[in-house]
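This structure is a prediction, so every number in the text was calculated from the model and none was measured.
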Amino acid sequence: MNTICSSLADIETRLAVPVSLMQDIITTFQVEMSNGLSGKPSSLKMLPSFMGIPTGREQGTIVAVDFGGTNVRVLLIELTGNGQTHIIDKRVFPLKDNEGRYNYTTASVSGMQLFEFIAGKIAEIIPAADKIYPLGHTFSFPCRQYGVNSAELISWTKELKTMGTEGKNVEVLLQSALERKGLDQVYPQAIINDTTGTLLTYSYTDKATDIGAICGTGHNSCYLEPNHPLTNRPMIVNMESGNFNQVPQTDYDVYLDINSEKPGAQRLEKMTAGQYLGEIVRIIVSGLLANNSMAIKADALYIPYSLRAEDISTMLADHTANLNEVANVVESCWRMSGLKIEERKALKTIAAFVTVRSARLVAATWAGVLYKIDPDLSRHHTIAVDGSLYEKMPGYAEALVQAMQDVLGVASKQVTIRLSKDGSGIGAAIAAATVYGSR
Ligand code: BGC
């Protein structure tokens with residue numbers, strides 16, 4: 001029988017991201033960036049956004065729709081034109097009702113129905129029927145953009161399955177839903193990825209911002225390409241870095257990937273994003289039971305995705321002597337009771353390994369971008385991040401900073417990582433104002 005200690009040491013080795021691996025990622029990431037930009041085969045889609053960074057003088061009252069996959073947020077935002085943003089109203093609606101009354105993420109619902117739901121929520125937030133509202137739309141999935149207001153969904157990610165949406169122009173779906181609801185005073189102006197929104201929002205005030213990222217349910221980063229081949233001008237590029245596939249997978253990752261909605265796709269995202277962290281922990285713990293390192297019985301442990309990122313957060317935040325919160329989580333998620341203290345500690349340690357691995361892999365990709373746009377790191381760079389992992393997961397933000405220091409050494413002083421709070425929604429408003437204001 002394996003002891004829990006020897007098993008933990010083995011898991012730690014498998015999940016470690018040493019500096020040597022980060023350096024390999026930096027190199028391969030840059031190659032994939034160049035290939036993607038020049039249209040060669042690459043796991044990085046490098047999608048043009050047709051947006052540069054804002055001046056900070058954009059202004060107006062704008063409706064923003066932020067569609068991420070778990071919730072849809074509808075916001076009314078005031079841009080003052082002096083770098084300030086003000087959220088006048090914000091409403092959040094889950095795409096899947098907890099009581100099971102509706103679910104817009106399954107294959108039994110169509111994109112048309114989904115956008116009708118969203119249009120209904122837009123109707124609720126508009127204060128005056130006789131005023132015109134420009135609308136900015138954040139749509140957090142890989143889209144082929146044909147212009148600032150035209151984007152076709154390439155494929156769903158984050159396990160979404162809504163039918164009749166892949167391959168469709170998402171802005172057309174939204175526009176027709178608005179028309180069906182009689183909302184002809186709402187004018188969609190721009191559609192952007194959430195990473196772009198995050199970058200736009202932070203760069204509204206901090207001009208050194210040149211990377212935007214989401215570390216939340218999903219993972220992705222964008223950056224400001226100084227000289228985009230399409231325009232020979234600066235343009236934000238949505239890398240779809242969650243699809244980066246040059247990171248060695250462990251057996252846990254392979255198992256998760258094979259059993260996911262789209263095997264082979266989004267390999268980095270499946271190792272780093274909130275949608276998957278709990279599932280990786282569950283797969284590891286199932287292995288511990290199988291090799292008798294833990295002597296517990298827990299039928300519910302075998303239910304996929306039975307542990308969520310929020311549960312990992314709760315475990316990592318538990319500093320009680322007996323790790324009572326850890327015990328509560330496994331009791332409620334897996335109906336697993338009577339855990340010994342060493343087992344509780346082991347679970348928390350595994351959750352920490354998985355979380356820190358995520359942060360170190362993400363940091364390595366950012367270092368790859370930084371070396372690509374500024375090989376000597378001679379300038380200051382701000383990386384703007386939004387998302388629940390960055391904002392709420394205990395230790396995540398610190399692990400990113402530590403990883404940057406480990407891999408960049410003293411040059412890490414040139415890099416600041418900042419929360420771009422509500423960046424994905426506010427960014428949609430900034431994007432819309434940029435377009436509306438320039439007409
Ligand atoms: C999507 C990206 C998005 C990221 C964060 C990924 O699954 O492919 O477009 O930026 O999630 O929401």
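Applying the salt bridge (Lys or Arg N to Asp or Glu O under 4.0 Å) rule to Glu152 yields no partners; only residues at least two apart in sequence or on another chain are considered. Among residues two or more places apart in sequence or in another chain, the ring pair (Phe, Tyr, Trp, His ring centres under 6.0 Å) test is passed with Tyr396 by none. Legend: residues meeting salt bridge (Lys or Arg N to Asp or Glu O under 4.0 Å) with Glu159, ordered by chain and number and at least two apart, are absent. Checked against salt bridge (Lys or Arg N to Asp or Glu O under 4.0 Å), Lys421 has the following partners two or more places apart in sequence or in another chain: Glu391. Judged as a ring pair (Phe, Tyr, Trp, His ring centres under 6.0 Å), and not counting sequence neighbours, Phe93 has no contacts. Checked against salt bridge (Lys or Arg N to Asp or Glu O under 4.0 Å), Lys340 has the following partners two or more places apart in sequence or in another chain: Glu343.
Between Asp422 and Lys90 there is a salt bridge, since at least one side-chain N of the basic residue sits less than 4.0 Å from a carboxylate O of the acidic one. Remark: Arg14 engages Asp251 in a salt bridge, criterion side-chain N to carboxylate O under 4.0 Å. Salt-bridge annotation for Lys270 and Glu261: absent, with no side-chain N of the basic residue lying under 4.0 Å from a carboxylate O of the acidic one.
Taking a 6.0 Å sphere around NZ of Lys392, one finds it holds 12 or fewer heavy atoms contributed by other residues, nucleotides or ligands. Heavy atoms from other residues, nucleotides or ligands lying under 6.0 Å from CZ of Arg91 number more than 12. Remark: Lys161 NZ is packed, more than 12 non-hydrogen atoms of other residues, nucleotides or ligands lying under 6.0 Å away.
Under the 4.5 Å side-chain criterion, counting only non-hydrogen atoms from C-beta, Pro248 is in contact with Leu21. With a 4.5 Å cut-off on side-chain heavy atoms, Ile383 and Val385 count as touching. Side-chain contact between Val63 and Leu76: present, with at least one pair of heavy atoms (C-beta onward) separated by less than 4.5 Å. The closest side-chain heavy-atom distance from Val148 to Met51 is below 4.5 Å.
The only member of Asn193, Ile192, Thr196 that meets side chain to side chain contact (heavy atoms under 4.5 Å, CB included) when paired with Ile236 is Thr196.
With hydrogens and angles ignored, the 3.5 Å screen pairs no side-chain donor or acceptor of Asp210 with any backbone N or O of Leu224. Ser203 places no side-chain N or O within donor-acceptor distance of the main-chain N or O of Ile53, the cut-off being under 3.5 Å. Not one N or O on the side chain of Ser424 forms a donor-acceptor pair closer than 3.5 Å with the backbone of Gly197.
Sorted by first and then second residue, the salt bridge (Lys or Arg N to Asp or Glu O under 4.0 Å) pairs with a member in residues 278-296 read Glu279-Arg282; sequence neighbours excluded. Applying the salt bridge (Lys or Arg N to Asp or Glu O under 4.0 Å) rule to pairs touching residues 350-361 yields Asp253-Arg357, Arg360-Asp406, sequence neighbours excluded. Here salt bridge (Lys or Arg N to Asp or Glu O under 4.0 Å) pairs that include residues 32-42, with residues two or more places apart or in two chains, number zero.
You'll find the ring centres of Tyr202 and Tyr204 outside the 6.0 Å limit.
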Please output the side-chain donor-acceptor pairs of residues 22-29 that fall under 3.5 Å, not counting sequence neighbours, one pair per line with the distance.
residue: Thr27; atom: OG1; partner: Gln23; partner atom: O; Å: 3.1
residue: Thr28; atom: OG1; partner: Asp24; partner atom: O; Å: 3.0
residue: Thr28; atom: OG1; partner: Ile25; partner atom: O; Å: 3.2

Which side-chain N or O atoms in residues 307-317 pair as donor and acceptor under 3.5 Å with protein atoms at least two apart or in another chain?
residue: Arg308; atom: NE; partner: Asp311; partner atom: OD2; Å: 3.2
residue: Arg308; atom: NH2; partner: Asp311; partner atom: OD1; Å: 3.0
residue: Asp311; atom: OD2; partner: Arg308; partner atom: N; Å: 2.8
residue: Thr314; atom: OG1; partner: Glu310; partner atom: O; Å: 2.9

Tell me which donor-acceptor pairs under 3.5 Å the side chains of residues 367-377 have, and how far apart each pair is, sequence neighbours excluded?
residue: Asp374; atom: OD1; partner: Leu377; partner atom: N; Å: 3.4
residue: Asp374; atom: OD1; partner: Ser378; partner atom: N; Å: 3.1
residue: Asp374; atom: OD1; partner: Ser378; partner atom: OG; Å: 3.1
residue: Asp374; atom: OD2; partner: Ser378; partner atom: N; Å: 3.0
residue: Asp374; atom: OD2; partner: Arg379; partner atom: N; Å: 3.0
residue: Asp374; atom: OD2; partner: His381; partner atom: NE2; Å: 2.8

(request) Might you work through the side-chain hydrogen bond (donor to acceptor under 3.5 Å, both in side chains) test for Asn324 and Asp318, ending with a clear yes or no? (result) CA-CA 8 Å; Asn324 296 328; Asp318 185 0; over 6 Å; no

(request) Assess whether ring-ring contact (aromatic ring centres under 6.0 Å, His included) is satisfied between Tyr102 and Tyr104, documenting all intermediate values. (result) CA-CA 7 Å; Tyr102 64 84; Tyr104 289 98; 5.5 Å; yes

(message) Show, in sequence, the C-alpha distance, side-chain angles and deciding distance for Thr162 and Trp156, and conclude whether the side-chain hydrogen bond (donor to acceptor under 3.5 Å, both in side chains) test is met.
(response) CA-CA 8 Å; Thr162 316; Trp156 283 124; 4.6 Å; no

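Scanning both residues, Ile214 and Thr198, for their nearest heavy atoms gives CD1-OG1, 3.4 Å. What you find for Ala151 and Cys143 is that their closest heavy atoms are CB-CB, 3.8 Å.
With Phe141 as the aromatic partner, Lys158 meets the cation-pi criteria of under 6.0 angstrom to the ring centre and within 45 degrees of the ring axis.
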